[in-house]
Amino acid sequence: MEQWHALWQGTGLVQFEWQQAVMLLICLGLLYLAIHRKFEPLLLLPIAFGGLLANIPGVEIATGDGILRQLYEIGLATSIFPLLIFMGVGALTDFGPLLANPRTMLLGAAAQVGIFATLLGALLLSDLGLFDFSLQQAAAIAIIGGADGPTSLYLASVLAPELLGAIAIAAYSYMALVPLIQPPVALALTTAKERRIRMSGQREVRRIEKILFPLLLLMLTALLVPAAAPLLGMFCFGNLMRESGVVKRLTDTAQNSLVNIVTILLGLAVGSRLAADQFLVPATLGILLLGLFAFAAGTAAGVLMAKLMNRLSRNPINPLIGAAGVSAVPMAARTVHRLGKQADPENFLLMHAMGPNVAGVIGSAIAAGILIRLAG
Amino acid sequence: MEQWHALWQGTGLVQFEWQQAVMLLICLGLLYLAIHRKFEPLLLLPIAFGGLLANIPGVEIATGDGILRQLYEIGLATSIFPLLIFMGVGALTDFGPLLANPRTMLLGAAAQVGIFATLLGALLLSDLGLFDFSLQQAAAIAIIGGADGPTSLYLASVLAPELLGAIAIAAYSYMALVPLIQPPVALALTTAKERRIRMSGQREVRRIEKILFPLLLLMLTALLVPAAAPLLGMFCFGNLMRESGVVKRLTDTAQNSLVNIVTILLGLAVGSRLAADQFLVPATLGILLLGLFAFAAGTAAGVLMAKLMNRLSRNPINPLIGAAGVSAVPMAARTVHRLGKQADPENFLLMHAMGPNVAGVIGSAIAAGILIRLAG
Amino acid sequence: MEQWHALWQGTGLVQFEWQQAVMLLICLGLLYLAIHRKFEPLLLLPIAFGGLLANIPGVEIATGDGILRQLYEIGLATSIFPLLIFMGVGALTDFGPLLANPRTMLLGAAAQVGIFATLLGALLLSDLGLFDFSLQQAAAIAIIGGADGPTSLYLASVLAPELLGAIAIAAYSYMALVPLIQPPVALALTTAKERRIRMSGQREVRRIEKILFPLLLLMLTALLVPAAAPLLGMFCFGNLMRESGVVKRLTDTAQNSLVNIVTILLGLAVGSRLAADQFLVPATLGILLLGLFAFAAGTAAGVLMAKLMNRLSRNPINPLIGAAGVSAVPMAARTVHRLGKQADPENFLLMHAMGPNVAGVIGSAIAAGILIRLAG
Amino acid sequence: MENLFSQGLPLALFGIGVVFIFLCLLILATRAMSALAARFAPAAGTAPAETSPSHLPPAQMAAIIAAITLHRARRGAAA
Amino acid sequence: MENLFSQGLPLALFGIGVVFIFLCLLILATRAMSALAARFAPAAGTAPAETSPSHLPPAQMAAIIAAITLHRARRGAAA
Amino acid sequence: MENLFSQGLPLALFGIGVVFIFLCLLILATRAMSALAARFAPAAGTAPAETSPSHLPPAQMAAIIAAITLHRARRGAAA
Ligand code: NA
Ligand code: NA
Ligand code: NA
């Protein structure tokens, strides 16, 4: 009978607390979104499943010597996983559209207004006593506006690991929701006439330009914002492997098996931060609110910058592509393309939106470097 | 001349002890079985080669800072490798046959009798003074009867790492020997008429059932046997990736490069436990005997349960498929299929045997959880 | 204003020292060689890019908790990465040509004269007061003459990690330069008539020979030079996986995703040793000079041994294939083939040169074991 | 001393009991789940065999072959 | 206390300023690089789409198909 | 001080000597092994080139192509 008692005491039935049950429901909801609605499933599915595991009472999975805890210590506490993912993203990124039209980088800069506006928003909420975010935490939350998963995870792992779970959920959920979040903002700030602006074809870009660009970007980063060099360095490394054309087997691995392996392990490690005692805190609500604001603000800033550029330049650009400056590659560019087609069925904005889209990746990595430098 | 003496002293010629020579022969024998007889070569080849390396005197390979020792510390002492393999197994498992006929899970339960009978056998041998197994060791040995490699390695790494080498050899060897071990037992316990029982075609299983099943399994594990949650959690994670259909690149990696990389490293790490001073001990003989008993007992229990079910149900099942309940996926199911064809050339049992086969994986993982909880 | 000052102080503009700028230029030069000249790009591109990252001031990348430093500690300080690469090389190596003509192993032995001549050269330079190499450092430098990347990195990581960057650069650069370094030496030591010697077709090699050879090699290593067993053990393991034919999925992974992943991480880790304060030292110049000497001496010794063998045997061999004994697989064999064709357009030496080529890999691994044993 | 076996006997009975209980509950839960799935997702159809372990799923393969054929046809037309 | 916001305001302005400065410099540098590339590497042509993420690039695919076809043709001839 | 060179000289001679001894023994052992293989495994034939580094071995490729062709033929018949 003793065993029955010991096992009964060991069951989840006895040990479950309501917070864990709530977290299980939340994680099942995230799985529903990932599987049925295809919300960024590559990350959200592993994260949500990790969250399920992290909330099973009576066994060490996300704590002690449990596997999720070990994966967290190996890859997230060290920042290795986000940086390797960023290398893979670099190997998958084509800077061609950006090189064909460099001035669209300004849109990628403007959209980062969302980051810094959110920083102020978080600090304001703290000042109002609604939440209690430190400067480090506010910076880690603000980067959600960068709409770039690995950058968000990297910054959170450096500045505010205690918020990593909520920040990851917010970042990937809102990236998946870009087709819902961006249209109202972009439509409110543009006229139908502006949305019908057509953009001409892009010039072809030379191979040598594509090879030199990641080196140029790295050198400029080293000179001006070295704190962004780990992130942009790995990104540029992946991109140089890709564009050099001489290490195809490494590029293929960086784009496929390496990034996939790290994605699986990273997702589980992030999921370990969804344990009820860390996630079911008031801060999570604030993070979700601020994250939504960050996406909307970044979108608005990108669109407004595009309109400003049209005032100053003779060669007009469709202001919708400013919305792609938030990153969320390639979702934001696709959303822009769809809005453009709604205004004019023969308007093809996809390629033009890819420029600000990848510029947004650069912009938010730079912003992350600045935040590390000044808030870290 | 001094160098010649130093090098001479450094050669294996001088340092070899007979135990190491014996181990080299054993490992060469295992390589012969793996390569020529195709005994579970994916694991036995790396394990046996690791065993060769571990028995080379005069250099640190499986000791100190040697690579096999490091791999052991990284992946086996932490349980990370077996759990990642189990994730890959989950990504390769199709629960369709089990979902089409859930009652065959009872066969997967019954076959675990082999585990607990072996536990008692090991304890009896200790009581008789023939061996000196502790309760933890007996439990780690008993799980060989689960006929599931990663589960055996996981339990051994948790309860009795000192026996890991012998347990791994026994587990994988007997899995390879399933076509020899199971037929006499299954034939002795069934009549020719029973073996000729044909089973009807299986219903088609919906995609939603396949998606929900791993979640259901995880939730039940969390409620009843949380100690099995690390194992079954990783297994269900792999299976959910597979069945969700939305993360194909991750599934492909989990099924291929990730599981292959971990298999190579795990095999070498297990091989490090074949050093003569650890393997050439009386306990190894006991483990090999008990492992054989465990497979036979599990097979018998599975077949007898199938016969019992036929007494209680109108819809008869071929009792041979009970033998597949020990796991040893897919070897046991194939053996069952072959025995069925011998009895009736038009009897196709393969798909029907896959149900108990994968149920056996679940059953032995649950048994492992119970053993950790009560003997750990 | 305070922030501007802090950021200004944080920029590379302020913190750059001239040594770092020099290193950036050197690394950009290496990238040029890797990308435009295709100098061993699989290693030199990641190494050189890692070197760029290691010389960015104001941020921890190759120091402290930076990612390159962590990769170095994980994979190079432990010797794990070079050994895994060597396993992959083993899985990619075909010993067929060597088994068809075993006496060409003598050429692989002779070419290692380059290693030991360089050892003496390094010690002489120290005695002359030009450099200050210890015996360990001289041994680590000498192995460059082995013309085998993973072996050089392994020995350097064991004997002289402080020289690892320069040794890696020298080893891979000179391997890439084999088509320039070897011809003058080989031409100077052979007559046109010798270079026209044709060699007959090779016998076909049985599968069983290919399977037994790695085991034979390992056993001989274990008996005579156990210190070489970690290196040759991993190499033979990869080769046995390949030739056994029963673990194709592991072989495929060892040849592709595993070796590619480790190559990327290893390259970055080696790059971390190109930080200015470690690389811009007089020793580097000595290493580059000695490395060049090592390649030339090894080439000469291989060719002369071939000529000696022709004196003692009736069955003549083309002395050019002695040059392939330095390893640098397959560059040296191709260079030999090209020289042979220049002397006689119908002379096909490629397959004949592959024998000494892979024998050179064995020879330098044995030499590494001896050096570890006697200088370590 | 014979107390190891007597110590293990209840453990073994208990263990196999829990395994049976677990799998019996899993049978019931699975049947309930399948019944619910049949009621609420009747049109969902059967699970497509879309998680083949092959590197190139047939669909992608067919697409590649079609692309090559097209490419060759164009080339042929141009030549 | 309201000093978090007032502490953050200059930080935010400064931050977005640096982002703009950085990307403006990057625009200039990129344009200069492209101009130099156009001048010194005029014949280099455009970047080939050679880094496709597919496992089997079309060229290799075509080669394999050709090899199989040939192999079959030979077999057919032998049969 | 000149003792590094004089310290290294016997080491170098010794080292190259061991390398030669090792490879000479390996030649002998290899020849013996090959002779034994020829005697005891005469029908084993030559090693097939079965460890190609390609992702899709031709056989698998052919199987896939055949499957697609069949699939198309069936579709065509159904249409
Ligand atoms: Na961004
Ligand atoms: Na089992
Ligand atoms: Na060599």
Side-chain angles (χ1 to χ4, degrees), chain A residues 2-3 6-16 20-21 24 27-28 31-32 34-46 48-50 52-61 65-71 73-74 253 255-265 267-268 271, chain B residues 74-75 77-84 86-88 91 154 158 207-208 211-212 214-215 218-234 236-241 243-254 256-262 369-370 372-375:
Chain A
E2 200 183 328
Q3 276 91 359
L7 197 91
W8 177 246
Q9 290 300 321
T11 58
L13 286 169
V14 174
Q15 298 188 36
F16 257 109
Q20 291 169 320
L24 291 181
C27 291
L28 289 173
L31 284 176
Y32 170 80
I35 295 173
H36 196 250
R37 295 290 187 86
K38 301 194 178 155
F39 268 34
E40 296 277 333
L42 292 174
L43 259 299
L44 273 192
L45 193 151
F49 203 96
L52 287 181
L53 296 179
N55 286 288
I56 296 177
V59 59
E60 285 184 345
I61 297 183
D65 289 333
I67 182 166
L68 297 197
R69 171 65 180 274
Q70 293 191 58
L71 293 177
E73 296 292 339
I74 291 169
T253 294
Q255 289 172 334
N256 292 288
S257 56
L258 178 51
V259 82
N260 291 346
I261 290 170
V262 178
T263 298
I264 291 171
L265 303 181
L268 292 174
Chain B
I74 292 169
T78 62
S79 301
I80 289 177
F81 287 169
L83 291 175
L84 289 180
F86 218 47
M87 179 181 78
Y154 177 74
V158 172
R207 179 170 169 246
I208 184 72
I211 292 175
L212 290 178
L215 294 170
L218 179 68
M219 287 301 105
L220 207 57
T221 307
L223 284 177
L224 295 182
V225 193
L231 265 178
L232 280 174
M234 293 303 282
C236 292
F237 174 52
N239 193 250
L240 183 66
M241 285 200 288
E243 300 300 350
S244 74
V246 294
V247 290
K248 289 201 167 92
R249 53 183 296 162
L250 302 186
T251 309
D252 180 62
T253 294
N256 291 289
S257 56
L258 178 52
V259 82
N260 292 345
I261 290 170
V262 178
I370 296 164
I372 287 174
R373 180 86 200 157
L374 296 180

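If you're wondering where the values come from, they're calculated on a predicted model, not measured in any experiment. Numbers restart at 1 for each chain; the letters A, B, ... are given by sequence-line order, proteins then strands.
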Quick one: what part of [X] sits under 4.5 Å from any heavy atom of chain B, side chain, backbone, both or neither?
X        : answer
A:Leu31  : side chain
A:Thr263 : side chain
A:Ile261 : both

* B:Ile372, part contacting chain A, at a heavy-atom distance under 4.5 Å ->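 Interface part for B:Ile372: neither.
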
* Toward chain A, the part of B:Ala227 with a non-hydrogen atom under 4.5 Å ->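 Looking at B:Ala227, just its backbone touches chain A.
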
* Asked: Looking at B:Ser257, B:Cys236, B:Ala222, which has the largest count of heavy-atom pairs under 4.5 Å with chain A?
  ->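 The option with the most such pairs is B:Ala222.
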
* chain A interface, residue from B:Leu83, B:Thr253, B:Leu84 that has the most non-hydrogen pairs under 4.5 Å ->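 When all of B:Leu83, B:Thr253, B:Leu84 are compared, B:Thr253 has the most.
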
* **Results of ring-ring contact (aromatic ring centres under 6.0 Å, His included) for B:Phe237 - residues two or more places apart only** =>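 Only A:Phe49 meet the ring-ring contact (aromatic ring centres under 6.0 Å, His included) criterion with B:Phe237.
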
* Would you mind reporting whether B:Val247 and A:Ile264 have side-chain heavy atoms less than 4.5 Å apart? =>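 SC-SC contact between A:Ile264 and B:Val247 ruled out.
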
* To do: Report yes if the side chains of B:Val225 and B:Ile370 come closer than 4.5 Å at any heavy-atom pair, otherwise no.
  =>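 Of all side-chain heavy-atom pairs linking B:Ile370 with B:Val225, at least one is under 4.5 Å.
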
What heavy-atom pair brings [X] and [Y] nearest, and what distance separates the two atoms?
X        : Y        : result
A:Gly267 : A:Leu43  : CA-CD1, 4.4 Å
B:Gly245 : B:Lys248 : O-NZ, 3.6 Å
B:Ala229 : A:Ile61  : CB-CD1, 3.9 Å

